[in-house]
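A quick write-up on the structure given underneath.
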There are 2 protein chains.
Amino acid sequence: MNSPAYRLGDLQLRILQSLWDRPDSSVAEVHAELKPERDLAYTTVATMLRKMETRGLVAHREEGRSFLYRALVAAEEVSRSVGQHLVDRLSSGSLTEAVSHLLTSREVSRDELDQLEKLIKEAKRRSK
Amino acid sequence: MNSPAYRLGDLQLRILQSLWDRPDSSVAEVHAELKPERDLAYTTVATMLRKMETRGLVAHREEGRSFLYRALVAAEEVSRSVGQHLVDRLSSGSLTEAVSHLLTSREVSRDELDQLEKLIKEAKRRSK
DNA sequence: TCAGTAATACTACCATGGTAGTTTTAAGGT
DNA sequence: ACCTTAAAACTACCATGGTAGTATTACTGA
């Protein structure tokens, strides 16, 4: 919000996603959730959550001896911000160009292309 | 290459873009190119270029008393890397989802949608 | 030849993300 | 009442991006 969301680090974003999925998570829960992908120390997660709280990204309430955290920024908002930032970075603002980059730069399956086409048709319908 | 390209900072990416556009640019030229958008000190650009050279992102050759820089990483490669990283961040790897995010998160003009549709058709044709 | 100038080199500083160890606190069971 | 344990708090450290001032060097024109 006040702090630009696109600047989120990888871990921060991952933590937010975890909290979007399960609001009111304890540090232990977030830590457990991230465990398979990142083998972080418990305190790493705790510290990051505290830092994120300072930045206004999350908030906590007490529950017994634990803190339960929740995200203060909406997934939508962050997605938009992060996406917008990429579009700016990649192609100084041209969405078409950005998507073109994405399409040409990796293998895209037939199936994905179909889905994408549907997405666009839908967007068209909505916009009309 | 060896260092993951997606980690490029905004300024670094901007400098690379400038060099892709005009290879063998002096510091002064890069500085001038960026001037309108970012009013940076000359030495800021020079320092960043030196740092980027250390990281293997650019290289220079001497021309009189100036250094002429060129990018060592290809635009394609960086675009792919940056794009891929975003897709991972935004939707743990689903391109469709990522594009969907981009589409729903901002105003997309009719015209852009048309272009996008064309892009996809083209990709389909290519992949077949 | 010498002063000015334009270039690089060097140094420094700050913020932030990421990571984690150590210390304190408090709850809970025996 | 005390020991264990789990939680938060505090502190610390490093890398990197970004930014720029100061020092040095070397060319160039008067």
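Chain A is the first sequence line, chain B the second, and so forth, proteins listed ahead of strands; every chain is numbered from 1.
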Quiz item: Nearest to the side chain of Phe67(A) - dG18(D), dG21(D), dA8(D)?
Solution: dA8(D)
Exercise. Nearest-nucleotide wise, let me know which of Thr43(B) and Val45(A) is further upstream toward the 5' end of DNA chain C.
Key: Thr43(B)
Exercise. Rounded off to whole Å, could you give me the CG-to-C1' distance for the Asp39(B) and dA20(D) pair?
Key: 13 Å
Practice problem: Assign each of Met48(A) and Arg65(B) to its nearest nucleotide of DNA chain C by heavy atoms, then name whichever residue's nucleotide is nearer the 5' end. | Solution: Arg65(B)
Practice problem: Could you tell me whether Arg22(A) and Glu33(A) make a salt bridge, using a distance below 4.0 angstrom between a side-chain N and a carboxylate O? | Solution: yes
Practice problem: Please check if the side chain of Ser26(A) supplies one atom and the backbone of Glu29(A) the other of a donor-acceptor pair under 3.5 Å. | Solution: yes
Practice problem: Could you state the atom-to-atom distance from NE2 of His85(A) to C1' of dG17(D) in whole Å? | Solution: 12 Å
Quiz item: To the nearest angstrom, how far is Leu49(A) atom CG from dA8(D) atom C1'?
Solution: 12 Å
Practice problem: Figure out the CG/C1' separation between Leu68(A) and dA7(D), and round it to whole Å. | Solution: 12 Å
Exercise. For Ala41(B), report the nucleic acid contact type (base, sugar-phosphate, nothing); a contact means any heavy atom under 4.0 Å.
Key: sugar-phosphate
Exercise. For Tyr42(B), answer base if it contacts any base atom (sugar-phosphate contacts may also be present), sugar-phosphate if it contacts only those atoms, and nothing otherwise; contact means non-hydrogen atoms under 4.0 Å.
Key: base
Exercise. Describe the nucleic acid contact of Ser26(B) in one word from base, sugar-phosphate, nothing, applying a heavy-atom distance below 4.0 Å.
Key: nothing
Quiz item: Gln84(B) and Asp88(B): side-chain donor and acceptor closer than 3.5 Å?
Solution: yes
Quiz item: Aromatic rings His31(B) and Tyr42(B): how do their planes relate, parallel, tilted or perpendicular, breaks at 30° and 60°?
Solution: perpendicular
Quiz item: Does atom CD of Glu107(A) have more than 12 heavy-atom neighbours, drawn from other residues, nucleotides or ligands, at distances under 6.0 Å?
Solution: no
Quiz item: Among dA20(D), dT19(C), dG18(D), which is the nearest nucleotide to the side chain of Leu40(A)?
Solution: dT19(C)
Quiz item: With a 4.0 Å cut-off on heavy atoms, is Thr44(B) in touch with a base, just the backbone sugar-phosphate, or nothing at all?
Solution: base
Quiz prompt | Separation of atom CG in Leu8(A) from atom P in dG18(C), rounded to whole Å | solution = 9 Å
Practice problem: Whole angstrom is fine here: how far is it from CZ in Arg7(B) over to C1' in dG18(D)? | Solution: 16 Å
Quiz prompt | Rounded distance in Å - CG (Asp10(A)) to P (dT16(C)) | solution = 17 Å
Exercise. Please determine if a side-chain N or O atom of Arg50(B) lies less than 4.0 Å away from the OP1 or OP2 oxygen of dA9(C).
Key: yes
Quiz item: In whole Å, what is the span from the CD atom of Glu63(A) to the C1' atom of dA6(D)?
Solution: 16 Å
Quiz item: Below 3.5 Å, does any donor atom in the side chain of Thr47(A) face an acceptor in the base of dA20(C), or the other way round?
Solution: yes
